There are 2 protein chains.
Amino acid sequence: MQWKLNLYNQIHAMKNLFLLLTSFVIFSFASRAVETTSPDGNILLTVDLDENGTPIYSVTYKGKPVISESKLGLVGKNVDFFKGFEIVGVDTTSFDEIWEPVWGEYSTIRDNHKELAVTLKKNNPELDMILRFRVFDDGLGFRYELPLQDNVNYMTVMDELTEFNLPGDNTTFWIPGDYDTDEFLYSETLISEIPDEVVSRRGKHSESQAITDKYVIQTPMIMKTPDSLYVNIHEAALIGYPAMSLEVVPDSLLFRSHLTPDKLGVKAYIQLPFSTPWRTLLISDDARDILASQLILNLNEPSVIEDTSWIKPMKFMGVWWEMFTGGKTWAYSDDYRAKPGITDYTKLEPNGHHPANTANVKKYIDFAADHNIDAVLVEGWNEGWEDWRSYDKNRQFLFDKAYPDFDVDELRDYATAKGIQLIMHHETAANAADYELQLDRAFQFMKDNGYNAVKTGYVGAIIPRSEHHTSQWMVDHVKNVAERAAEYQILIDSHEAPRPTGLIRTYPNWLAQESARGGEFESMGGNPPSHTALLPFTRLKGGPMDYTPGLFETRLSTYGQGNNSQAGTTIARQLALYLTMPSPIQMACDLPENYQRFLDAFRFIEDVPVEWADSRYLEAEPARYITVARKDKNSDDWYVGAITDDNPRVATIDLSFLPEGQQFIATIYEDGKDASWKDNPQSYNIRTVKVNNKKVLKQKLASGGGAAIRLTPAP
Amino acid sequence: MQWKLNLYNQIHAMKNLFLLLTSFVIFSFASRAVETTSPDGNILLTVDLDENGTPIYSVTYKGKPVISESKLGLVGKNVDFFKGFEIVGVDTTSFDEIWEPVWGEYSTIRDNHKELAVTLKKNNPELDMILRFRVFDDGLGFRYELPLQDNVNYMTVMDELTEFNLPGDNTTFWIPGDYDTDEFLYSETLISEIPDEVVSRRGKHSESQAITDKYVIQTPMIMKTPDSLYVNIHEAALIGYPAMSLEVVPDSLLFRSHLTPDKLGVKAYIQLPFSTPWRTLLISDDARDILASQLILNLNEPSVIEDTSWIKPMKFMGVWWEMFTGGKTWAYSDDYRAKPGITDYTKLEPNGHHPANTANVKKYIDFAADHNIDAVLVEGWNEGWEDWRSYDKNRQFLFDKAYPDFDVDELRDYATAKGIQLIMHHETAANAADYELQLDRAFQFMKDNGYNAVKTGYVGAIIPRSEHHTSQWMVDHVKNVAERAAEYQILIDSHEAPRPTGLIRTYPNWLAQESARGGEFESMGGNPPSHTALLPFTRLKGGPMDYTPGLFETRLSTYGQGNNSQAGTTIARQLALYLTMPSPIQMACDLPENYQRFLDAFRFIEDVPVEWADSRYLEAEPARYITVARKDKNSDDWYVGAITDDNPRVATIDLSFLPEGQQFIATIYEDGKDASWKDNPQSYNIRTVKVNNKKVLKQKLASGGGAAIRLTPAP
């Protein structure tokens, strides 16, 4: 029936012919710069055309240059939206609105911006594009909009030519470009040093698709300019388009957008009308403003879920860390030839070190129920882990086939009786296509068995084999999963998915993502203390991370399995992470037996909320330190978390955010006098002091340490 | 979480090391030919190893060579199953069984064969393979079996090296290789002429992926040897593997298997244990045996559907041919920018020539109900046809969004009241990935609205974009669809799917496929009469075709739309096709108003069954003529169909198959005296004669003509 396309094409060609004969009246503004500012006037945005009719923009902050003249444009397969433009319309509007997120760092968020929409037109053939800018006090976003028009219906996007031309050689915190993973430590270099450093990091990626022909880094990234401005570049509302990275143009201080291609080299297949994601710049001379910024959420669409009453933030434990401490496996048996849905697993010999078994899960349920933890995740519950490299054999997991030692019914009843939710694990082995085929029945299986949340995973090379983790198809896929999950009232915590861009506003059931080097790496070389002092400036601007804090036994050598990895943290710092790495779904990642050893410290994890009425960033410097205070959404309590990098530090905690005239009991979980992440990570002290809003605490933090404080109104 | 793969790999490497140290005792037969024959002794199969330890086979029929010494083997990415083998085991067994298909040409099918299983082993590393041959009286099949073994778990198949070495320069009927379509007319050439003819046909494919660097033809193909043997090469039970084509090695009479690759160049991703599809040879010195052969069904697995009582063969009409006769469209409006699920179609201006509207569908329902037709197909019922090239814009159809003028509820009720089934159309625009995502809800929508059968379509380039219509992923996809449909008790008629290989036995709800140049091409240049005299020898050996017979108005010029195409057929021949192109789902493809003009001829379509108790091929020669008699499965009636090519012919219809002593009324639908497909296609005559099993009818067939006979026991 191939002919049908030809038949259609004939009709279509006739139509285009007709349209080309139609004339259009163009109101030309000729070329002259248009400007707008942020509501407070600090940010000045200028948009113009260069001599080739290519749109250009520049940005200043309090008169200091942030972005020098930089080009904008899109290139399609047979058409370009890059040059030959005239400006035919300029609209400037103001917007000021308060909205309420379902959960998050604030109970209300203000969206106050000025919008500048620049309508561009070119001829031969006539093409229309709108550049839409929104300028906030803490930065700006802009996107390309291709409206319905006569000469383009669908377009194969070959490139996006967005430039970020930096006026100075900024200090930059970045991870290398990779189409398939972002689980890296950060480099801290000048822009001019990025190319050499990118090259030196090549070959150190594992199982990933490092980009080897360009100098590419990922967003979100943050820079500090020579005159001490902080600038974060990222994107918002990534839907129907590939993820954007930044390509450093050698011997320049210029970044150009670098979209993840599919394996055929195409960036995106779009149909008009179409809007790209927003390209975002967070800008301030105060690093705390970067952390406090809700700009990326503001650029996302409101929730598409009308009734959000079923969306409940939670803390959870998991049958998971056992597999990192050595000797335990996701797999039930050692028969690596077992095939889900085909092999009779009851006939396999159990390997004896499979913790996702009914008795062990009950142990976690018991501990969670006793210690104010809402849920228990179980990894390795379903058939297929014996050898799960999906890519090489075309299919791996089924999502309704439990291992013989995991009793779905019994655990459902046991968890329900104890008031504990179970979180299901859907490791797709990166066979996203197969996951879509199974999706409805996988979610139905969850609902039938009392599961309301799922941790998804995409480890390995993606199927469809034309795709990368961050190509357009996968961006669509994770949105499809979030949407479909919402229909079943299922919460999502996605791992190895495209890096987040604030879509949690639109899909508030998509609680968190991994999408960075998380706590699991403490068992594989460790994360230096600076890592968690940087992530809130970068990765977390896209949305919450399932970082998995709460590690109390930081030396893997204690397990006697030959792993000498050590976590870059003290116990007190782990508690502080619940404040500095906010998420509506927070793990207590360690083993129950480790928590039993430090129950007084675990008390903080029991108490700490996962959604907030308000947040105050008190101190901040990327990769150095963060001090934050947050008010519980459901009580009058406040909490404070402070962390530092390798260097010991005294955090200054000005309690003036507390309500006037009210005494508070501060329970302080702090590093012991002799604590340090390296030599004495388990030394901590818990003390109680009475404070009020006049008090300024001077809180000592050890090397790699931190402090966590609960502030409760005094009776 | 990329690390997990590494972790696993370490464990896996250790395991392999252990296994390599284990020694195996090998019982070697050394190299000596092993043989077996067909049950009747006519076919002799010889299997041996050549000097490189490569398996070879050869075949004779009644002492005449059919396949000269030909190599066998598979090549994986890091391993080969091609050379260095020893034969370590030979098993010969006999099998004779009668089984009952759910529907088909016969109510029972005999599976009588001798099986030869040759176990091969090689060292460094040790690898095991079984070659399994099944030799029937009418041909043979063989496949590669890779059992569970220690040194290979999964394998990336890079090539299959099956050879078909022909001892003579056979006359060959073939269509050119193409990974995405098989909708071609056949070439009739010597093997030696294939390369030049393949080249001359290049560039004439439209919208397809012609293979340009090799001389490739598709299966099923049929050859006639210089000493008048008929040999059909195809495959059976194509599951989990790409479709096989045949590559002609230039300057030889050698075909080599050519598997459809994915766009990364890989043929298949498999996990052991694994068996390839069967490579099949149908062999006889009587062309009628090729038509009667059930060998390919016998090599497929029995039905996986236990309760098949809901599977009912059917005849149907369709809102479909109107779109071919000119001026009518699948699309509801001419707004080619409309987007399903986004555009409000009720606000679009209807184009006024959209036949999938409620009133028109009722007209078809009325006609069907009045004339013993079971069902009505409606194409163009759902949103999205305005511009439906999915590949270029990443998504097109939704399968639960009807156009505003198609009232799902009203038509369900109307059809039900009239006792007519509605057949849904799922055109995926080749976005198979998206179809899988929608599959459960699409089928649920069907069941909710009374649809029990679906015509699927895959027009265009496949998404996932790494795939072709016949690559492994798509082979899996159509199986997934058939399986999922069975769960919903839905019948499938698939168009643009991989060519059939007898899977109808395993999935009897998969009634038919297109997978060849069908009746629709009568509106696009026409099909020469030889085409339908050849398809039963080739395409139909894989399974029934939804050819869409029943065309009464054969000259498209009558519609005054500038289309001067003419069908290569008379009306009488169209009736005969219901016998010569057997299918459990047969269309009456023409417009009700055309049938109104020839209601006496249409009576045959009303009467003819779609499932049979028995079939007798009376005369046959590929691309020349076919005469077949079939007994109705549900009555004592017999039916006869006879067709010829361009040449007028007298069919000899020996009625000795009729039961002894019973008189029959033969109603003969024959070409008029002056009929010919070209000049007088609508001239026909209907006459009645009394006959018995002693009678031999001499039935005249016009150029491009045919005859259709109903034989009813005389009262």
Side-chain angles (χ1 to χ4, degrees), chain A residues 1-6 8 11-12 15 148 153-156 180-181 183 206-208 240 262-264 266 268-273 330 334 336-337 339 387-389 391-395 433 436-437 439-441 457 459-460 463-467 472-473 476 480 484 495-496 514 520-521 524, chain B residues 1-6 8 11-12 15 148 153-156 180-181 183 206-208 240 262-264 266 268-273 329-330 334 336-337 339 387-389 391-395 433 436-437 439-441 457 459-460 463-467 472-473 476 480 495-496 514 520-521 524:
Chain A
M1 214 165 68
Q2 303 289 345
W3 63 272
K4 280 185 195 163
L5 282 172
N6 294 335
Y8 169 75
I11 299 168
H12 192 51
K15 193 178 304 169
L148 270 182
N153 177 15
Y154 39 78
M155 178 168 109
T156 301
D180 288 285
T181 183
E183 300 185 16
S206 73
E207 294 289 339
S208 66
D262 68 14
K263 289 185 185 167
L264 309 180
V266 171
Y269 307 81
I270 62 174
Q271 184 178 15
L272 276 50
W330 285 262
D334 289 337
Y336 63 91
R337 301 168 301 193
K339 293 170 98 162
D387 184 0
W388 54 291
R389 189 186 288 260
Y391 191 80
D392 292 328
K393 51 195 187 188
N394 222 31
R395 170 161 295 185
E436 292 198 354
L437 179 64
L439 207 48
D440 274 307
R441 40 202 58 200
V459 177
I463 304 177
R465 296 186 176 84
S466 44
E467 305 306 323
Q472 181 192 18
W473 196 93
D476 283 346
N480 292 340
R484 191 68 59 93
H495 284 229
E496 300 91 24
E514 183 181 42
E520 64 188 14
F521 280 87
M524 293 171 285
Chain B
M1 211 165 68
Q2 302 288 344
W3 62 273
K4 280 183 193 161
L5 282 172
N6 294 334
Y8 168 76
I11 299 168
H12 192 53
K15 191 178 305 169
L148 271 182
N153 176 16
Y154 39 76
M155 179 167 109
T156 301
D180 288 285
T181 184
E183 301 186 17
S206 72
E207 294 289 337
S208 66
D262 68 12
K263 289 185 186 169
L264 309 179
V266 171
Y269 307 81
I270 62 174
Q271 184 178 14
L272 276 50
T329 57
W330 284 263
D334 289 338
Y336 62 92
R337 302 167 303 191
K339 294 170 96 162
D387 184 1
W388 55 291
R389 189 186 288 261
Y391 190 81
D392 293 328
K393 53 196 186 187
N394 221 30
R395 169 160 298 184
E436 292 197 356
L437 179 63
L439 207 49
D440 274 307
R441 41 202 58 201
V459 177
I463 304 178
R465 295 185 178 84
S466 43
E467 305 306 323
Q472 181 192 19
W473 195 94
D476 284 346
N480 292 340
H495 284 228
E496 300 92 23
E514 182 181 43
E520 64 188 14
F521 279 88
M524 292 171 287

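Just so we're on the same page: letters track the sequence lines, and every chain starts at 1. Just the heavy atoms: all of them, side chains too, but no hydrogens, waters or symmetry mates, feed the values below. Bear in mind the structure is a predicted one, so any value in this text is a computation, not a measurement.
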When A:Asp262, A:Leu148, A:Leu272, A:Val266 are compared by non-hydrogen pairs under 4.5 Å with chain B, the top option: A:Leu148
The reported gap from CD in B:Gln271 to NZ in A:Lys339 (rounded to nearest 0.5 angstrom) is 5.0 Å
Pair count under 4.5 Å, heavy atoms only, with chain B: among A:Leu264, A:Ile270, A:Asp440, highest is A:Asp440
On the six-membered ring of B:Tyr269, is A:Arg465 placed so that its NZ or CZ lies under 6.0 angstrom from the centre and within 45° of the ring axis? yes
With a 4.5 angstrom heavy-atom cut-off, could you sort out which part of A:Asp392 is near chain B: side chain, backbone, both or neither? both
Check B:Ser466 against A:Pro464 and note the closest heavy-atom contact, atom names and distance. OG-C, 4.2 Å
Options A:Glu436, A:Met155, A:Arg337, A:Lys393, ranked by heavy-atom pairs under 4.5 Å with chain B, top entry: A:Lys393
I need the A:Tyr154 OH to B:Tyr391 OH distance, nearest 0.5 Å. 13.0 Å
Could you grab the distance from atom CG of B:Leu437 to atom CG of A:Asn480, nearest 0.5 Å is fine? 5.0 Å
Below 4.5 Å, heavy-atom pairs only: which of A:Gln472, A:Arg395, A:Glu467, A:Arg484 has the largest tally toward chain B? A:Arg484
